[in-house]
Asker: 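Mind looking over this structure? Questions follow.
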Amino acid sequence: MPPGRKNSVSLILDAPAASATQTLFGLNHQQLTSLVQEFSVPEYRARQLSDALYRQWVEDLDEVSTWPKSLRESLDAAGYRVGRPRIVEAFRSVDGTERYLIASSDGQTVETVWMPEGDDGEEGDGSEAQNDFHRATICVSSQIGCAVNCQFCLTAKLGIVRNLAAGEIAGQVVSVLKRQKFEVGKQRINLVFMGMGEPFLNYDEFMAAVRLLVEEVGISESRMTVSTSGIVPGILRFAQEKTRPKLAISLNAPNDAIRSGIMPITRKWKINEVIEAVRQVPLRPKEKITFEYVLLGGVNDRVSDADEVVRLARKANLPLKVNLIVWNPGPGMDFHMSDAETVAKFQQRLRSSGIPAYIRRPRGRDIYAACGQLKRMTELTTLAQ
Ligand code: SF4
């Protein structure tokens with residue numbers, strides 16, 4: 001548990017899953033069909049297995065009740081395991097946010113966050129029909145660590161450890177839904193791929209996870225948002241996808257000069273190139289592109305910066321909105337938070353110029369709920385012991 005956080009609750013749950021020789025969770029219907037064919041059983045067994053993995057959320061082959069014991073034993077003997085990542089530690093904030101360390105079979109952990117009342121990120125994006133946008137949101141990781149090296153982000157300090165497989169990405173969602181006793185189809189959920197990692201640097205596995213979540217778990221892609229730091233080739237591929245989440249660009253600066261200082265990726269792809277790529281994404285009716293903007297005191301939060309964002313947005317001429325995020329401090333980062341008055345002025349400047357701008361409320365501050373904070377703090381705590 002992070003030190004000095006009296007109101008947080010830490011719960012040790014399961015041990016990491018034992019290393020599985022062959023993991024079933026993450027296989028799509030076609031792959032499961034090929035698998036059951038190897039065992040010389042009819043195709044409908046693949047559908048039963050898919051239901052068990054993605055609708056009933058079983059954790060062990062023994063729980064696949066629609067299968068005869070002999071078939072379960074055959075798979076087990078061949079080294080197959082469900083292999084879904086497991087929640088190994090949970091931190092509960094006073095505001096209801098829960099943050100988890102979720103372990104893969106190799107013991108590596110990522111962070112996943114459950115926000116019972118949403119994160120306000122969906123506000124104003126055209127999806128808040130019936131004004132019910134305050135619904136639960138899960139923030140999902142796509143890589144262990146990250147190579148993008150945004151200067152304000154604690155995940156960057158971990159470096160890149162490895163990509164997550166599709167089953168490890170979708171498995172975070174299923175593990176959290178199961179813990180929350182969530183009923184897909186009866187309750188609404190938002191997924192934001194804004195946790196650890198840059199999804200578009202793990203494009204194939206990320207999109208395979210999206211398809212699993214849509215086709216097998218049953219969550220609509222219109223309830224999902226992916227955030228990218230501006231990986232242009234990834235955005236161009238994304239533009240070709242039939243099934244895709246909504247798109248958010250982690251902008252964080254009004255021009256390339258400021259952005260290069262806090263997001264070195266800007267030296268590879270300039271803001272204009274990113275926006276040009278975003279233009280290729282065919283938007284659904286009412287869909288908006290989100291510009292995420294982390295406010296850093298004295299760096300990018302001046303009124304003149306807001307005015308430049310307005311000019312940028314007008315030039316982009318896209319249906320868009322801006323999410324203003326108040327930066328969460330962390331160890332080893334030489335920034336400071338924007339004060340409330342500065343944040344309000346920045347928002348007002350955008351709004352008065354006709355740019356929809358929303359302030360994302362900080363969640364779970366007492367449990368290090370900003371990207372990478374929990375894993376990094378856990379590592380620092382471990383090192384200090
Ligand atoms: S903000 Fe996102 S893209 Fe940037 S270093 Fe952190 S995890 Fe990577």
Side-chain angles (χ1 to χ4, degrees), residues 99-102 108-113 119 121 137-164 168-169 172 191-203 205-206 209 224-235 238 245-253 256 258-271 273-274 277-278 290-296 299-300 322-335 337 360 362-364 368-379:
R99 190 166 192 87
Y100 312 107
L101 283 177
I102 297 191
Q108 288 285 352
T109 55
V110 291
E111 297 177 23
T112 311
V113 183
D119 70 345
T137 296
I138 302 175
C139 181
V140 185
S141 293
S142 56
Q143 297 180 301
I144 300 173
C146 186
V148 175
N149 200 21
C150 303
Q151 298 297 293
F152 51 83
C153 168
L154 217 45
T155 296
K157 304 227 178 272
L158 300 165
I160 180 71
V161 179
R162 69 168 171 83
N163 283 332
L164 291 176
E168 294 175 310
I169 299 170
Q172 295 167 60
L191 304 182
V192 294
F193 298 95
M194 299 182 183
M196 298 170 66
E198 164 54 76
F200 285 1
L201 289 181
N202 184 21
Y203 189 89
E205 294 298 321
F206 162 67
M224 304 178 189
T225 303
V226 59
S227 174
T228 177
S229 58
I231 309 295
V232 166
I235 298 171
F238 189 72
K246 291 177 289 187
L247 181 62
I249 302 296
S250 189
L251 181 68
N252 305 322
D256 289 328
I258 295 178
R259 196 170 191 263
S260 298
I262 54 176
M263 296 181 73
I265 194 86
T266 312
R267 287 175 216 142
K268 194 161 175 69
W269 292 292
K270 305 268 181 281
I271 294 174
E273 292 173 79
V274 173
V278 171
T290 302
F291 281 174
E292 303 278 338
Y293 198 103
V294 176
L295 288 161
L296 302 165
V299 175
N300 63 0
V322 178
N323 275 349
L324 300 171
I325 303 154
V326 181
W327 178 71
N328 259 359
M333 288 188 291
D334 200 15
F335 295 105
M337 287 171 67
R360 295 239 318 259
R363 299 297 168 111
Y368 294 101
C371 174
Q373 283 189 316
L374 178 57
K375 186 172 169 71
R376 180 71 176 152
M377 287 311 296
T378 306
E379 283 190 358

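In listed order, ligands and their atoms are each counted from 1. Worth saying up front: this structure is predicted, and the values here are computed from it rather than measured. Note that these values count all heavy atoms, side chains included, but never hydrogens, waters or copies made by symmetry.
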Asker: Give the intermediate values and the outcome of side chain to side chain contact (heavy atoms under 4.5 Å, CB included) for residues I138 and Q172.
Answerer: CA-CA 9 Å; I138 302 175; Q172 295 167 60; over 6 Å; no
Asker: Measure C153 to ligand 1 on non-hydrogen atoms and call it side chain, backbone, both or neither using the 4.0 Å cut-off.
Answerer: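 Near ligand 1, C153 shows its side chain, while the N, CA, C and O stay back.
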Asker: Which ligand 1 atoms does A156 reach within 4.0 Å, using its non-hydrogen atoms?
Answerer: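 Answer for ligand 1: 5 (S).
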Asker: Please lay out, stage by stage, how E198 and S142 fare under the test side-chain hydrogen bond (donor to acceptor under 3.5 Å, both in side chains).
Answerer: CA-CA 7 Å; E198 164 54 76; S142 56; over 6 Å; no
Asker: Which of the numbered atoms in ligand 1 are under 4.0 angstrom from any heavy atom belonging to C146?
Answerer: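 Every atom of ligand 1 under 4.0 Å from some heavy atom of C146: 3 (S), 5 (S), 7 (S), 8 (Fe).
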Asker: Do N202 and I169 make a side-chain contact, defined as non-hydrogen atoms from C-beta onward lying under 4.5 Å apart?
Answerer: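 In short, these two side chains touch, coming nearer than 4.5 Å.
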Asker: Please report the closest heavy-atom contact between T266 and M263, naming both atoms and the distance.
Answerer: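 Where T266 meets M263 most closely, the heavy atoms are OG1-O, 2.7 Å.
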Asker: So if I count the atoms of ligand 1 from 1 in the order they appear, which ones are less than 4.0 Å from some heavy atom of G197?
Answerer: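 Those atoms are 7 (S).
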Asker: Can you tell me how far OG1 of T225 sits from CG of L247, rounded to the nearest 0.5 angstrom?
Answerer: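 Between atom CG of L247 and atom OG1 of T225 there are 9.0 Å.
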Asker: N149 heavy atoms, cut-off 4.0 Å: which ligand 1 atoms fall inside?
Answerer: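 The list of qualifying atoms is 5 (S).
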